[in-house]
Amino acid sequence: MALGPCVRPSIRASIRPCRGPTSYTGFPMIDLKHLREQPQRYKDGCAKKRINADIDRLLQLDEQRRALLTAMEARRAEQNRIAKESGPLIGKLAGAIKKASPEEAAKLQAELDELKSRPAALKAQITEMEGQLAAVEPELNAILLQVPLPPDDDVPVGSSSDDNKELKRWNPAWFDVSKSFEANKGFKPKTHIELVRDLGLADFERGVKMAGTRSYVLTGDGMRLHQAVLRYAMDHMIDRQGFKPMSVPVLVREEAMVGTGFFPAGREQAYHIAESQRIAADDPSGSGAKGYDLFLTGTGEVGLMGLHQGEILDEASLPRCYVTVSTCFRREAGAAGKDTAGLYRIHQFDKVEQVVICRADEAESRAWHQKMIGYVEAILQGLEIPYRLLQCCTGDLGPKNADMVDIESWMPGRGELDGDGRPRGAYGETHSASRLYDFQCRRLNMRYRAGGEGAGKGETTFCHSLNNTVLASPRFLVPLLEMYQNADGSVTIPAALRPYMGGKDRIG
RNA sequence: GGAGAGGUGGCAGAGUGGUUGAACGCGCUGGUCUCGAAAACCAGUAUACAGCUCGUCUGUAUCGGGGGUUCGAAUCCCCCCCUCUCCGCCA
């Protein structure tokens with residue numbers, strides 16, 4: 001497995017019509033027409049998100065490209081006209097030559113050659129323009145893939161997570177976050193690292209032995225609790241919210257990563273399986289691509305959103321509400337030295353993820369965002385874990401979202417240390433709810449036909465998409481274990497999880 | 001991994017060099033008929049991009065993808081991808 005960022009220019013990013021799932025090649029990305037009309041909006045978007053994309057260069061290349069296209073198409077039209085006109089004549093002449101006397105044949109042959117050579121100049125011009133186009137398009141497409149979706153106007157402008165705005169706090173009656181853990185429960189808390197060690201719930205040494213840093217083994221009730229929270233979350237989404245459960249690939253093609261918007265920006269976060277000896281499509285010797293490399297997904301969102309890539313959905317079938325539980329792989333590049341111990345930041349974990357694909361309607365999109373956040377609140381309240389909602393500022397948004405709300409759970413074993421060298425507790429991110437408009441669906445070429453079933457009726461429109469964590473574990477075991485620990489070192493199992501723990505009510 | 005078959009419009013399925021963006025059928029939409037529905041009949045029914053005299057306009061591209069041959073390619077040649085069947089292996 002190659003771990004380095006891979007650069008593969010062969011990905012076909014040109015603007016092409018949709019050809020169905022098996023032959024998917026197109027990434028319309030952001031709406032170039034819209035960008036052409038309102039370049040400032042996209043420039044501002046880049047600035048607010050602190051993402052570099054050369055919009056001016058993009059516009060310049062776009063203009064070059066369109067000028068070339070216009071000129072080239074005019075010549076193609078002329079060539080087609082000539083071919084249509086002279087074709088039958090050529091056939092006739094060729095026939096006549098066979099029957100004619102030698103002198104006549106020579107004359108006819110000259111006529112034939114003249115006819116055949118008529119489009120030669122046009123062909124030469126077209127070939128040249130194709131060359132010029134080939135020089136412009138790769139750069140244009142590369143920039144286009146980097147242009148982020150501008151954040152919504154109501155998203156606070158800021159440079160980092162420090163500028164995020166708290167929207168709401170919730171905690172169960174038995175735990176007041178504004179007071180210390182000891183004031184709440186009458187004893188000093190252990191961190192989850194101490195708890196899993198003392199209760200035998202995880203084995204970090206053996207995990208690291210096998211798989212390196214940030215690896216772990218869940219043992220005994222640790223594994224059982226992990227499964228329990230995932231199952232609890234999954235069942236909540238299926239039984240209470242009516243989401244459709246799916247099992248999706250976690251090993252996917254590059255196209256799925258680009259289409260869902262994780263590439264190119266997040267390429268260094270993904271594990272790359274070098275499966276093929278793929279030759280770049282623009283390799284001069286090359287007869288094209290050979291095989292496909294694969295990538296491990298960092299979230300079930302990739303598989304869920306990739307499902308309908310390249311499809312035109314029936315409007316009546318929207319919204320599509322999907323939930324999956326999948327193993328997620330993240331290289332955590334750039335996070336060296338951060339959260340190096342414990343179950344908080346690890347390379348492999350499991351996550352229940354929800355996505356909604358809906359009509360291209362801002363109000364509907366916004367309404368789903370609120371609902372999807374609400375589902376998570378219901379789960380956290382059901383487990384009685386204190387949490388807060390954070391409105392992420394523009395600088396904390398990724399390229400693909402217009403708006404993002406993080407949900408942070410209270411972790412008594414996190415945060416700065418008190419006088420005794422014990423952590424005071426802190427919120428830690430456990431969920432993230434994104435609203436993407438049609439950014440992702442454009443890249444995935446996922447549309448719906450307005451006006452109902454059947455072909456040939458109504459316009460096609462790119463869908464809107466949203467996603468939100470439902471529950472990620474083992475990270476979620478951090479607040480769970482730390483909040484539910486008892487003075488004697490045992491951990492009470494929350495009532496909601498006991499059915500998934502064989503009726504057991506405590507660990508240790 | 002070995003062998004074979006095949007990829008054409010929403011579906012099914014013709015087409016092996018020249019008004020073929022593509023027959024026939026199904027589906028879908030509109031209309032006729034009907035109190036209404038069904039049936040029957042008639043008509044229509046892909047996508048994307050570009051252009052302007054922005055029109056139910058013009059042009060270009062698309063028959064798995066890319067490249068080639070040709071005045072002209074769904075059709076011929078090369079490479080790749082994918083699907084299916086049989087055998088082997090396997091959770």
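Letters A, B, ... mirror the listed sequences (proteins, then strands); counts begin at 1. Note that the structure is predicted; figures quoted are calculated from it, not measured.
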**Message:** When the P atoms of B:rC77 and B:rA5 are compared, how many Å lie between them, rounded to an integer?
**Reply:** 15 Å
**Request:** For B:rC63 versus B:rA22, give the span between their C1' atoms, rounded off to a whole number of Å.
**Result:** 8 Å
**Request:** Please report, rounded to the nearest Å, how far the C1' atom of B:rU47 is from the CG atom of A:Leu313.
**Result:** 16 Å
**Donor-acceptor under 3.5 Å (A:Thr394 side chain, A:Lys49 main chain)** = no
**Residues which pass ring-ring contact (aromatic ring centres under 6.0 Å, His included) with A:His431, listed by chain and number, not counting sequence neighbours** = none
**Complete:** Base-paired stretches in RNA chain B with three or more consecutive Watson-Crick or G-U pairs, both distances under 3.5 Å, amount to B:1-7 with B:81-87, B:27-32 with B:40-45, B:46-51 with B:57-62, B:64-68 with B:76-80
**Message:** The criterion is salt bridge (charged side-chain N to carboxylate O under 4.0 Å, His left out); which residues satisfy it with A:Glu63, sequence neighbours excluded?
**Reply:** none
**Request:** Write out all pairs satisfying side chain to side chain donor-acceptor pair (under 3.5 Å) with one or both partners inside residues 209-220 of chain A, taking only residues at least two apart or from two chains.
**Result:** none
**Item:** B:rA91 and B:rA3, which share atom name C1', separated by this distance in whole Å
**Value:** 25 Å
**Item:** Any residue meeting salt bridge (charged side-chain N to carboxylate O under 4.0 Å, His left out) with A:Arg345, in chain and number order, not counting sequence neighbours
**Value:** A:Glu332, A:Asp339
**ring-ring contact (aromatic ring centres under 6.0 Å, His included) partners of A:Phe243, counting only residues at least two apart** = A:Tyr375
**Message:** From CZ of A:Arg442 over to P of B:rA48, roughly how many Å is that when rounded to an integer?
**Reply:** 11 Å
**Request:** Give a yes/no on whether any side-chain N or O of A:Lys123 is located under 4.0 angstrom from OP1 or OP2 of B:rU70.
**Result:** no
**Item:** Pairwise P distance for B:rG88 and B:rG2, with rounding to whole Å
**Value:** 16 Å
**With A:Tyr344 via ring-ring contact (aromatic ring centres under 6.0 Å, His included) - residues at least two apart** = none
**Request:** Please state how far atom CE in A:Met129 lies from atom C1' in B:rA61, giving the value in whole angstrom units.
**Result:** 17 Å
**Proximity to RNA chain B (any heavy atom under 4.0 Å), residues of residues 33-42 of chain A only** = A:Lys33, A:Arg36
**Asked** Cation over ring, A:Lys400 on A:Tyr437, under 6.0 Å and within 45°?
**Response** no
**Complete:** Sequence neighbours excluded, the answer for ring-ring contact (aromatic ring centres under 6.0 Å, His included) partners of A:Phe439 is none
What's touching nucleotides 56-59 of chain B from the protein side, N or O pairs under 3.5 Å?
from: B:rG59; atom 1: N2; to: A:Glu73; atom 2: OE1; distance (Å): 3.1
from: B:rG59; atom 1: N2; to: A:Glu73; atom 2: OE2; distance (Å): 3.4

**Asked** What pair of heavy atoms forms the shortest contact from A:Asn401 to A:Ser434, and how long is it?
**Response** ND2-OG, 3.0 Å
**Item:** With sequence neighbours excluded, residues passing side chain to side chain contact (heavy atoms under 4.5 Å, CB included) with A:Thr70
**Value:** none
**Prompt:** To the nearest angstrom, how far is A:Ile312 atom CD1 from B:rC11 atom C1'?
**Reply:** 14 Å
**N/O (side chain, A:Arg66) to phosphate O (OP1/OP2, B:rG51) under 4.0 Å** = yes
**Asked** Taking the P atom of each, how far is B:rG9 from B:rG65, in whole Å?
**Response** 10 Å
**Request:** Can you tell me the distance, in whole Å, between the CG atom of A:Asn141 and the P atom of B:rC49?
**Result:** 14 Å
**Request:** Pick the C1' atom in B:rU32 and in B:rC11, then give their distance to the nearest Å.
**Result:** 28 Å
**Request:** Could you state the atom-to-atom distance from CD of A:Glu78 to C1' of B:rC71 in whole Å?
**Result:** 13 Å
**OP1 or OP2 of B:rG72 under 4.0 Å from side-chain N/O of A:Gln79** = yes
**Request:** Please check the phosphate of B:rA48 (OP1 and OP2 only) for any side-chain N or O of A:Arg447 closer than 4.0 Å.
**Result:** yes
**Asked** Between B:rA12 and B:rC26, how far is it from one C1' atom to the other, in whole Å?
**Response** 7 Å
**Asked** When rounded to the nearest Å, what value does the distance between C1' atoms of B:rC28 and B:rG66 take?
**Response** 35 Å
**Request:** Let me know the distance between CZ of A:Arg253 and P of B:rC81, rounded to the nearest Å.
**Result:** 9 Å
**Item:** salt bridge (charged side-chain N to carboxylate O under 4.0 Å, His left out) partners for A:Arg206, two or more places apart
**Value:** A:Asp203
**Asked** When the distance from CG of A:Asn445 to P of B:rC49 is rounded to whole Å, what number comes out?
**Response** 10 Å
**Request:** Report the C-alpha separation of A:Glu139 and A:Arg57 in whole Å, then their side-chain angles, then the decisive distance to 0.1 Å, and conclude whether the salt bridge (charged side-chain N to carboxylate O under 4.0 Å, His left out) test is met.
**Result:** CA-CA 9 Å; A:Glu139 189 186 348; A:Arg57 177 69 180 151; 2.7 Å; yes
